[in-house]
K.L.:
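Can you keep this structure in mind? I'll have questions shortly.
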Amino acid sequence: MHECKCKRSLAGFSSVLFVVLSLVKVFLSQSPEAACLSAEDISPSSNGPRDDDPDDLFAGVDGGSVSGQSRPQSGRVRPLAGPDEEENRDTFDIQISVSDPEKVGDGMNAYMVYKVTTKTSLSIFSRDEVCVKRRFSDFLGLYSKLASKYMHMGYIVPPAPEKSIVGMTKVKVGKEDLSSVEFVEKRRSALERYLLRTVKHPALLKDPDVLQFLESSELPRAVSTQALSGAGILRMVNKAADAVNKMTIKMNESDAWFEEKQQQFENLDVQLRKLHASVESLVCHRKELSVNTASFAKSAAMLGNSEDHTALSRALSQLAEVEEKIDQLHQDQSYADFYLISELLGDYVRLITAVKGVFDQRMKAWAKWQDAQVMLQRKREAEAKLQYANKPDKLQQATDEIREWEGKVQQGERDFEQISKNIRREVGRFEKDRVKDFRVVIIKYLESLVHTQQQLIKYWEAFLPEAKAIA
Amino acid sequence: MMLLAVNVDLQTDATLQVDISDALSERDKVKFTVHTKSTLPNFKQNEFSVVRQHEEFIWLHDSFVENEEYAGYIIPPAPPRPDFDASREKLQKLGEGEGSMTKEEFTKMKQELEAEYLAIFKKTVAMHEVFLCRVAAHPVLRKDLNFHVFLEYNQDLSVRGKNKKERLEDFFKNVVKSADGVLVAGVKDVDDFFEHEKTFLLEYHNRVKEASAKSDRKIRSHKNAADDINRIASTLYTLGTQDSTDLCKFFLKVSELFEKTRKIEARVAADEDLKLADLLKYYLRESQAAKDLLYRRGRALVDYENANKALDKARAKNKDVLQAETTQQVCCQKFEKISESAKQELIDFKTRRVAAFRKNLVELAELELKHAKGNLQLLQSCLGVLKGDT
């Protein structure tokens, strides 16, 4: 990995931070006109996942894209409708923003508190607009609760952002330098995207824990969030999955869809990680380019100063100015690289881990079902033996046990089928969102590249006559 | 053959035209074919070619430097040694890492590195050529006998590179020179013109050095960024072929776009290298050569002043006066000769410098504009297609 050292004064950075925030505002749109989701009418009386009636909940759910919850023009937005997407007549708004990071406390016990603002017209919320204060561990706590409730049923629960010991320590220690300001901004943005993805999920939106998180002013502290971090949970899930995989019983996949999908997600995972690494490298190199351009600009100015031919001297100074502007351009572009593409890719790498986790949950369910069948078989054999042994009370027990395990087998089969159904639905929704997210973000990114080139043209067009004027 | 951009204002007249018509890169050396066209009577034919290697160029350059007759001229700086080490190393690393990348990636990177190798090769040819052209354009140096031998003698000049002992001697000579240089520079010159030139050149040389180093670093970063975009384009292509959703077309289109923009970015870096970095490097060497001229003049001045003092002493003691007078005359003539030609050389240097910078800065700006517009057009047309698709 490359080491990039950008040394800028904090004063210099605060102007850049303004640019970043406005960029982020545009791209992630904290403006009131943002984040329109559309879904079907959600019944307010539900209190958890409704497995018995899944089609009402999920059919034709369309979300707006997440990582750029931005619709530059208007508030109400029709999702990009394709011929196979079901358009929803009932649109509802929910806008969430995470803002105003504030440091509370001092030293190693310090922590950042973020303001979470929810604006909505949904009836499940008690008010139109709610503001609460949350800290990072609260977000992790929310994720851990949702994961434990829904993952085993095959729902793709969006993972919370990663913990970062190094990043947080710097903030705690009070280093007011560029990297800790950047770190806080990165985290704020990630937390916002996390919440937006979570409420986009029709079942999660109605979850009481989510509602409590968004609305209630006091939240019980999430304990031992080390184990509860998104990565921690996924690691636990994956460990269980590994255990399943290591089992000698290979799952007979009767459904080719699952096998195909798993392979596709495997491939996608590999490529996205590769892409993410390349983009991170690009971000780094562009930052380097910006620094080196600034440094060159200074040396060109110095050269211009010492040049004793007046017109050439002036032209060199102009060159230095152009290069300085270009350096700023490179820096802005690298922020766009990062906040648009790199973070999106990072989010999706984590999301795909969640998807893979969900497939593994299905395998677990299958294994449980198979185990129950094996158990049932054993009980039947035991009963058959007891038939000849003439022990009436043991026989009764055996018969009871058979009935018990018959029930378990049926339940296991039902669970397996249910999770399979859920996963199909979830994957369908996930893929739709993925398409939207990537489309929107990539288009925005290309627009940022267009802007950069337009600026470059402006700068060099201004310089050309100066160069020609050298007599 | 491609002429380096600094090759401005060089009078190429029919009496003597020199160029490098061909070059061959072998394992660790480059063989240049030096081609001459001349109407001068000194040469046996009107047009002829010889093969020369880098050491022979250095020999020629050093012979100028060591020639007292040329003390009053700016000796055109020697071309730098052809250096393919970095490029070769990269090609080797690529070969080692072949297993870790796809066939397409490997082929692409190999093509990139081969193009880089070719670019370095072209550059070294151009730099050797510009040296010869500068000599051929100089009214006095073009008549030099060694130069004619260099151009015409179609056997190996048997100029081996300096061995360790000689290189060590050179090193110490340079050390002494710089110590002297400081000494000489400390003495304020009576002549305003030279005093100004001294102050100017000392500062200018350092600033050019800085700017040259910084521009190299900047261009390297640019190349690194272009390489990243290359990798991104490849991965997007793979994603496009694998994706089961509508995104596949999307990814393929964007991959295609990035392939093209990356090529443009690489060209921008290459053009900046050619028009800016090379210009600065060249004037770094030229300003050093100009400083060397001032140093030689300074030495001659010191010799002249010492001769004056010796003459006074001799007159006072009335001993060896005639000898002292002759020595003083010689020193005086030498100093005045150098001063006269040095003045003209330094004026010409300024003219050449201003013309070279003007040409290069204009061309740089025009190329930057061309590439930015190209990039913009690609991006906008791709955006049009992608937006229209939804």
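Each chain gets a letter, A, B and so on, in the order the sequences are listed, and its residues count up from 1.
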K.L.:
Which atoms form the tightest heavy-atom contact between A:Ser299 and B:Ala211, and what is the distance?
P.N.:
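Residues A:Ser299 and B:Ala211, closest heavy atoms: OG-CA, 3.3 Å.
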K.L.:
Counting heavy atoms not belonging to B:Lys350, are there more than 12 under 6.0 Å from its NZ?
P.N.:
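Yes, NZ of B:Lys350 has more than 12 neighbouring heavy atoms, counting only those of other groups under 6.0 Å.
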K.L.:
Between B:Glu210 and A:Lys298, is the closest basic N to carboxylate O distance under 4.0 Å?
P.N.:
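So A:Lys298 does not pair with B:Glu210 through a salt bridge.
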K.L.:
For chain A, which candidate among B:Val254, B:Val354, B:Asp216, B:Leu239 shows the most heavy-atom pairs at distances under 4.5 Å?
P.N.:
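Max contact count across the listed options: B:Val354.
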K.L.:
With a 4.5 angstrom heavy-atom cut-off, is it the side chain or the backbone of B:Asp243 that approaches chain A, or both, or neither?
P.N.:
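It is the side chain, since no backbone atom gets that close.
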K.L.:
Please round to the nearest 0.5 Å and tell me the distance separating atom CD1 of A:Ile442 and atom CG of B:Leu247.
P.N.:
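It comes to 7.0 Å.
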K.L.:
Would A:Lys261 and B:Ser244 count as a side chain to side chain contact (heavy atoms under 4.5 Å, CB included) here? Give the steps.
P.N.:
CA-CA 9 Å; A:Lys261 279 296 166 194; B:Ser244 54; 3.9 Å; yes
K.L.:
Check each atom of B:Leu257 against the heavy atoms of chain A and say whether the ones under 4.5 Å are side chain, backbone, both or neither.
P.N.:
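Contact with chain A: side chain only.
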K.L.:
In terms of heavy-atom contacts, does NE2 of B:His205 have more than 12 from other residues, nucleotides or ligands at under 6.0 Å?
P.N.:
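More than 12 heavy atoms, drawn from other residues, nucleotides or ligands, come within 6.0 Å of this atom.
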K.L.:
Can you tell me if NZ on B:Lys370 sees more than 12 non-hydrogen neighbours from other groups inside 6.0 Å?
P.N.:
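Counting neighbours around NZ of B:Lys370, 12 or fewer heavy atoms of other residues, nucleotides or ligands fall under 6.0 Å, so no.
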K.L.:
Begin from the C-alpha positions of A:His285 and B:Asp227 and carry the test side chain to side chain contact (heavy atoms under 4.5 Å, CB included) through to its verdict.
P.N.:
CA-CA 10 Å; A:His285 284 139; B:Asp227 284 343; over 6 Å; no
K.L.:
About how many Å separate CZ of B:Arg353 and NE2 of A:His309, when rounded to the nearest 0.5 Å?
P.N.:
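A:His309 atom NE2 to B:Arg353 atom CZ measures 8.5 Å (nearest 0.5 Å).
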K.L.:
For a quick test of reading the model, state the closest non-hydrogen atom pair linking A:Leu446 to B:Cys382 and the distance between them.
P.N.:
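Here A:Leu446 and B:Cys382 meet closest at CD1-SG, 4.3 Å.
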K.L.:
Count the heavy-atom pairs under 4.5 Å between each of A:Glu307, A:Glu447, A:Gln454 and chain B, then report the option with the highest count.
P.N.:
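Ranked by contacts with chain B, first place is A:Glu307.
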K.L.:
If I compare all heavy atoms of A:Leu282 with all of B:Ala225, which pair ends up nearest, and what's the gap?
P.N.:
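Closest approach of A:Leu282 to B:Ala225, heavy atoms only: CD1-O, 3.7 Å.
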K.L.:
For the residue pair A:Leu289 and B:Lys218, what are the closest heavy atoms and their distance?
P.N.:
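Of all heavy-atom pairs spanning A:Leu289 and B:Lys218, the closest is CD1-O, 3.4 Å.
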K.L.:
Is B:Tyr237 atom OH crowded by more than 12 heavy atoms from other residues, nucleotides or ligands, each under 6.0 Å away?
P.N.:
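No - once you tally the heavy atoms of other residues, nucleotides and ligands closer than 6.0 Å, there are 12 at most.
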K.L.:
Please flag which part of B:Tyr204 lies under 4.5 Å from any non-hydrogen atom of chain A: side chain, backbone, both or neither.
P.N.:
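Both parts, backbone and side chain.
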K.L.:
Locate the shortest heavy-atom distance separating B:Ser215 from A:Phe296; write the atom from each residue and the value.
P.N.:
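Nearest heavy atoms, B:Ser215 then A:Phe296: CB-CE1, 3.5 Å.
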K.L.:
Quick one: what part of B:Phe258 sits under 4.5 Å from any heavy atom of chain A, side chain, backbone, both or neither?
P.N.:
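Only the side chain of B:Phe258 comes within 4.5 Å of chain A.
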K.L.:
If you round to the nearest 0.5 Å, how far is CD1 of B:Ile229 from CG of A:Leu449?
P.N.:
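That separation rounds to 7.5 Å.
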K.L.:
With a 4.5 angstrom heavy-atom cut-off, is it the side chain or the backbone of A:Leu312 that approaches chain B, or both, or neither?
P.N.:
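Contact with chain B is through the side chain of A:Leu312 alone.
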K.L.:
Please confirm whether the backbone N or O of A:Asn292 pairs with a side-chain atom of B:Arg217, one donor and one acceptor, at under 3.5 Å?
P.N.:
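The answer is no, because no donor-acceptor pair under 3.5 Å joins these two groups.
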K.L.:
Between B:His196 and A:Asp308, do the side chains contain an N or O donor and an N or O acceptor separated by less than 3.5 Å?
P.N.:
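Their side chains do contain a donor-acceptor pair, which is all the 3.5 Å distance test asks for.
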K.L.:
In terms of heavy-atom proximity below 4.5 Å to chain A, should B:Lys373 be classed as side chain, backbone, both, or neither?
P.N.:
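Its backbone and side chain both get close to chain A.
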K.L.:
Minimum heavy-atom separation for A:Phe438 to B:Phe250, with atom names?
P.N.:
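Nearest pair, atom of A:Phe438 first, then B:Phe250: O-CE2, 4.2 Å.
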K.L.:
Relative to chain A, which of B:His371, B:Arg231, B:Glu368 shows the most heavy atom pairs under 4.5 Å?
P.N.:
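Highest number of pairs under 4.5 Å: B:Glu368.
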K.L.:
To the closest 0.5 Å, what do you measure between CG (B:Leu386) and CD1 (A:Ile443)?
P.N.:
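These two atoms lie 5.5 Å from each other.
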K.L.:
Do the non-hydrogen side-chain atoms of B:Gln242 and A:Leu268 ever get within less than 4.5 Å of each other?
P.N.:
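When only atoms from C-beta onward are counted, A:Leu268 and B:Gln242 do not touch, as no gap falls below 4.5 Å.
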K.L.:
Can you tell me how far CZ of A:Phe463 sits from CG of B:Leu361, rounded to the nearest 0.5 angstrom?
P.N.:
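One finds 4.5 Å between CG of B:Leu361 and CZ of A:Phe463.
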K.L.:
Check the side chains of A:Glu431 and B:Thr245 for a donor-acceptor pair under 3.5 angstrom, ignoring hydrogens and angles.
P.N.:
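There is no such pair between these side chains.
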K.L.:
Apply side chain to side chain contact (heavy atoms under 4.5 Å, CB included) to B:Arg207 and A:Asn305, showing your working.
P.N.:
CA-CA 9 Å; B:Arg207 301 270 170 100; A:Asn305 276 346; 3.9 Å; yes
K.L.:
For A:Lys325, does the NZ atom sit with more than 12 other heavy atoms under 6.0 Å from it, leaving out its own atoms?
P.N.:
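Enclosed: over 12 neighbouring heavy atoms sit under 6.0 Å from NZ of A:Lys325.
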K.L.:
What part of B:Leu280 gets within 4.5 angstrom of chain A, counting heavy atoms only: side chain, backbone, both, or neither?
P.N.:
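Contact with chain A: side chain only.
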K.L.:
By a 4.5 Å heavy-atom criterion (distance strictly below it), what part of B:Ile264 contacts chain A: side chain, backbone, both, or neither?
P.N.:
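No part of it gets close to chain A.
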K.L.:
Distance check, rounded to the nearest 0.5 Å: B:Glu366 atom CD versus A:Glu461 atom CD?
P.N.:
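Reported to 0.5 Å precision, the distance equals 11.5 Å.
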K.L.:
Got a donor-acceptor contact below 3.5 angstrom from the B:Arg358 side chain to the A:Ile470 backbone?
P.N.:
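Here the side-chain-to-backbone pair exists.
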